[in-house]
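What follows is one structure encoded as structure tokens, with my remarks underneath.
Just so we're clear, the structure is a prediction, and the values are computed from it rather than from any experiment.
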Amino acid sequence: MRLLLIRHGQTPSNLKHLLDTAEPGPGLTALGQEQAAALPDALASEKIDALYASTLVRTQLTAAPLAAATGLEVRIRAGIRELSAGDLEMRGDDDAGRLYMHTAFAWSAGDVRLRMPGGEDGVEALARFDAVVAEAHESGAQTAALVSHGAVIRMWVAARADNVDVDHARRHPLANTGIVILSGSPDRGWRALLWEGESLGPVPLTPGPNDPTGAAVTEPGRGE
């Protein structure tokens, strides 16, 4: 199966550098709406036959133009929602963003019992995303598009793709409507074919601060 993992369009919380992961979450900015509207043309060469979005509003709004262009129903699944920030929810400071992504990538590296402060652990996060991927595969879809979120996509791909390690996922941002394309199956495993970190649609004329779930992550003191 071909798996398209697409990050949602820009939200107001992205502009404010906030860990905004609770349901239902914000909608899209005007730019985010333009990014969503650009997806059908950007993905015109893909024969998508299953389309999923998370339970957060921003992914459903991002998926809507794809649904209109393909005639597909958007299947709403909680399993591909963003990693719960727990006690870090709505924080926008660097320490919170660093701890959030450190925890996510620790799960990718195998420390799945580590728990996000006040939130889920890696066992729970990987299992819920795995379940939606398995559902898409079992549906018989040859190509499935999952409109999801920056941190959970990067975490899951680093954990499940045999050619993407944690260091790559940590250092390669995933902008709004960036995409990772994989090939494989839950049984055989997954291989990343494309990591397109830039938006598939328009980009901000004046980039704001990198939101923590999509930006490159460096450790303190490394000067990077």
Side-chain angles (χ1 to χ4, degrees), residues 1-8 39-40 42-56 59-60 62-63 66-67 69-84 103-114 120-175 177-198 200 213-214:
M1 181 175 75
R2 191 170 173 88
L3 190 63
L4 315 181
L5 303 181
I6 307 163
R7 190 184 179 204
H8 60 81
L39 286 178
L43 298 175
S45 64
E46 299 285 349
K47 298 185 182 300
I48 300 170
D49 42 25
L51 178 60
Y52 292 80
S54 82
T55 48
L56 278 71
T59 61
Q60 296 169 42
T62 303
L66 269 178
T70 61
L72 293 170
E73 175 189 1
V74 181
R75 306 175 188 182
I76 309 301
R77 299 292 185 268
I80 57 172
R81 61 170 292 179
E82 185 59 291
L83 303 175
S84 172
T103 304
F105 290 135
W107 297 343
S108 301
D111 189 4
V112 293
R113 295 295 177 182
L114 182 66
E120 62 192 334
D121 66 16
V123 174
E124 296 163 337
L126 283 163
R128 62 176 172 82
F129 204 97
D130 284 341
V132 181
V133 172
E135 177 190 337
H137 182 260
E138 291 164 7
S139 75
Q142 295 299 304
T143 299
L146 278 59
V147 184
S148 185
H149 305 265
V152 72
I153 291 173
R154 295 165 77 195
M155 182 278 297
W156 187 85
V157 172
R160 298 294 187 243
D162 60 17
N163 61 335
V164 175
D165 61 15
V166 173
D167 188 61
H168 180 94
R170 180 185 290 116
R171 293 177 179 275
H172 288 79
L174 195 62
T177 65
I179 186 172
V180 181
I181 300 178
L182 306 99
S183 178
S185 71
D187 294 334
R188 300 195 321 271
W190 298 95
R191 185 169 185 82
L193 306 176
L194 173 72
W195 184 299
E196 178 49 73
E198 297 300 321
L200 296 183
T213 61

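- Put simply, the side chain of Leu200 reaches to within 4.5 Å of the side chain of Leu39, judged on heavy atoms.
- Nearest heavy atom pair, residue Leu174 against residue Arg7, reads O-NH1, 2.9 Å.
- The closest donor-acceptor contact from the side chain of Glu124 to the backbone of Asp121 lies under 3.5 Å.
- A donor-acceptor pair under 3.5 Å is absent between the side-chain atoms of Ser108 and the main chain of Val166, judged by distance alone.
- Listed for the Asp49 side chain is a donor-acceptor partner under 3.5 Å among the backbone atoms of Thr143.
- Summarising the geometry of Ile6 relative to Ala145, their closest heavy-atom pair is CD1-CB, 4.2 Å, with the distance given to 0.1 Å.
- A distance of 10.5 Å separates CD in Glu46 from CG in Leu66, rounded to the nearest 0.5 Å.
- Put simply, the side chain of Trp107 gets close to the backbone of Leu114: a donor and an acceptor are under 3.5 Å apart.
- Annotation for Leu83 and Ala125: closest pair CD2-CB, 3.8 Å, computed over non-hydrogen atoms.
- Listed by chain and residue number, Glu196 satisfy the side-chain contact (heavy atoms from CB on, under 4.5 Å) test with Glu198 (two or more places apart in sequence, or in another chain).
- Using modelled atom types, no side-chain atom of Ser84 and backbone atom of Glu120 make a donor-acceptor pair closer than 3.5 Å.
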Steps toward side chain to side chain contact (heavy atoms under 4.5 Å, CB included) verdict (Glu73, Leu51): CA-CA 7 Å; Glu73 175 189 1; Leu51 178 60; over 6 Å; no
Please test Leu3 against Leu146 for side chain to side chain contact (heavy atoms under 4.5 Å, CB included), starting from the C-alpha separation and ending with a verdict. CA-CA 8 Å; Leu3 190 63; Leu146 278 59; 3.8 Å; yes
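- With values rounded to the nearest 0.5 angstrom, Phe129 atom CZ is found 5.0 Å from Leu5 atom CG.
- Classification of the His168-Trp195 ring pair by plane angle, with boundaries at 30° and 60°, yields perpendicular.
- Of the possible polar contacts, one joining the Arg154 side chain to the Arg170 backbone as a donor-acceptor pair under 3.5 Å is found.
- Taking every heavy atom of both residues into account, Ile80 and Ser148 meet most closely at O-OG, 2.6 Å.
- Here CG of Asp130 is found 13.0 Å from NE2 of His137. Values are rounded to the nearest 0.5 Å.
- Considering only heavy atoms from C-beta on, Trp190 comes within 4.5 Å of Met1 through its side chain.
- Note that OG1 of Thr59 and CD of Glu82 are 10.5 Å apart. Values are rounded to the nearest 0.5 Å.
- When all heavy atoms of Val164 and Ala192 are compared, the closest pair comes out as CG2-CB, 3.6 Å.
- Interatomic distance, Phe105 CZ to Asp111 CG, rounded to the nearest 0.5 Å: 14.5 Å.
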Evaluate the side chain to side chain contact (heavy atoms under 4.5 Å, CB included) criterion for residues Ile181 and Arg2: first the C-alpha distance (whole Å), next the side-chain angles of each, then the deciding distance (0.1 Å), finally the verdict. CA-CA 7 Å; Ile181 300 178; Arg2 191 170 173 88; 3.8 Å; yes
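- Taking CG of Leu182 as the start and CG of Asp162 as the end, the distance is 9.5 Å to the nearest 0.5 Å.
- The two residues Ser139 and Arg75 make their nearest non-hydrogen contact at CB-NH1, 3.9 Å.
- Under the 3.5 Å distance criterion, the side-chain polar atoms of Arg77 are left unmatched by any main-chain donor or acceptor of Val132.
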